[in-house]
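Read through the structure below, which is laid out as C-alpha cells, and then see the notes.
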Amino acid sequence: MLLTLAPMESLTGIVFRRRHHEFFGGVDRYYTPFVTPTVEPEFTERQMRELSPEANRGMNVVPQLMAKDADRFLWAAKRLAELGYSEVNLNLGCPMGTVTGKGKGCGFLRHPDELREFFESVFAEPLPIAVSVKTRLGWNTEEEFDDLIRVYADFPISELVIHARVRNDFYKGDPRTECFLRALPKLPMPVGFNGDIHLVSQISEWEKTHPELQSLMIGRASVANPAIFREARGGAPASGEELAAFHDALMADYAAAFGSIGNTVGHMKQYWFYMKNMFEGGEKLFKQLLKTKNVSDYESLVQEIATTLPIRTEPAYGWWKPV
Ligand SMILES: Cc1cc2nc3c(=O)[nH]c(=O)nc-3n(C[C@H](O)[C@H](O)[C@H](O)COP(=O)(O)O)c2cc1C
C-alpha cells in the first residue's frame, strides 16, 4: 500500500517537501498543495517554483489542481505532462468558503450534474497524463456520496483519494470511516483513504484489514511527526536532534524565500501548531512561542523546547485543540 503525503496549502509546499525527503523520506508520493490554473494558459512564475521538475527532482510528486472549468484544467494537465508528470490530482475537497463560494473544491460536490459534465469534457479525448481525484464524502451529509459515486464510477479516474468527512465537518470530529468502508466495494477505481491517521499502528491496521486499498494519505501527522513514513517502513523514530535540525533547515529556507525573518517566524508557527504534539509537556513554552513576534525570543524559545522537553515516540493527538 502506498503511503502518501497530503497536499496542505502553506505547509507541504516545495520547501517542506524537499527538506522532508532529505531528512526523513519513506514517502511513496508527495502531493503539491493546490495550484489554480488561470485564464492565461501558462503557469505563473510563482506556480512554477512549486511545479518545476528541477525543484522536485528525486521525489515522486503529483501536482494538484483546483479548477471547475474543464478548459483550464485541461491546459494545465497537458502542460504538467510536458513537464514530465505522469499524474495530476483534482481537488474536490477544499472546504474554505473562498474556494467553495466559486463552486470549486468541495463546492463542486454540491452539483453532481455539473461535475459529470466537467468529467465528460476532461475525458472527452485521451489525455497524456493520469487524472486522480481527492474528494470528501459530500457537502452536508454522507448520504450524498451515493450520487457522487455514480459520477466517479463512470470515468477513468486513476485513483480516488477520499478524505472521509463532509464539508461541514471541515477538519474536525472523527472521520466517517464506516461510510468510507461501505462505499469501497462500489468504487471501480483504485482508492486511497485519508483522515486523521497519526500512528504507525493505524497504518499497519489499515494494511492488514484493507489490503485492497491503493494508498493511505497522511497530512497533519506528517507535520507533527515527519518520521511517521520512515517508521511505518521499519525505520527509526525521529530523534530530538533530527527534529531540531529539520526545523532549522525549514526556517533557513523560508527566510531565504521570503527575504524576511519576521515573516518566517509567523510561518514557522503554523508548523509548531502540529509539531508541539511531539513534545512532552511544555504548555507554557508553546503558548509563548505561538504568541511571540520577536525573532530572538522565538529562537530562544525553540532552543529551550529542543533542549528541555522530552520527545514522544508518537504525537499526542487532537490537532484542533489550542495550546
Ligand atoms: C492547513 C491545511 C491545508 C490544506 N491544504 C490542502 C490542499 O491544498 N489540497 C487538498 O486537497 N487538501 C488540503 N488540505 C486537506 C489535507 O490534504 C487532508 O485531507 C486533511 O488534513 C485530512 O488529513 P489528515 O487528518 O491526515 O491531516 C489541507 C489541510 C490543512 C489542515
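Each ligand, and each atom within it, is numbered from 1 in the order the structure gives.
- Inter-residue side-chain proximity for Trp139 and Asn168 is flagged as met; some heavy-atom pair is nearer than 4.5 Å.
- Note on ring orientation: taking the six-membered ring where Trp is involved, the planes of His198 and Trp319 are perpendicular (angle over 60°, cut-offs 30° and 60°).
- Listed by chain and residue number, nothing satisfies the side-chain hydrogen bond (donor to acceptor under 3.5 Å, both in side chains) test with Gln288 (two or more places apart in sequence, or in another chain).
- Separation of the Phe16 and Phe246 ring centroids falls under the 6.0 Å cut-off.
- Sorted by chain and number, the heavy-atom contacts of ligand 1 below 4.0 Å come from Ala6, Pro7, Met8, Glu9, Leu11, Pro33, Phe34, Gln64, Asn91, Lys134, His163, Tyr171, Asn194, Gly195, Asp196, Ile218, Gly219, Arg220, Tyr274.
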Can I get a per-line list of side-chain donor-acceptor pairs under 3.5 Å for residues 28-37, giving both atom names and the distance, sequence neighbours left out?
from	atom 1	to	atom 2	distance (Å)
Asp28	OD2	Leu3	N	2.7
Arg29	NH1	Tyr31	OH	3.2
Arg29	NH1	Glu159	OE1	2.8
Tyr30	OH	His20	ND1	2.8
Tyr30	OH	His21	N	3.3
Thr32	OG1	Gln64	N	2.9

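- In this structure His210 satisfies the ring-ring contact (aromatic ring centres under 6.0 Å, His included) test together with Trp206, sequence neighbours excluded.
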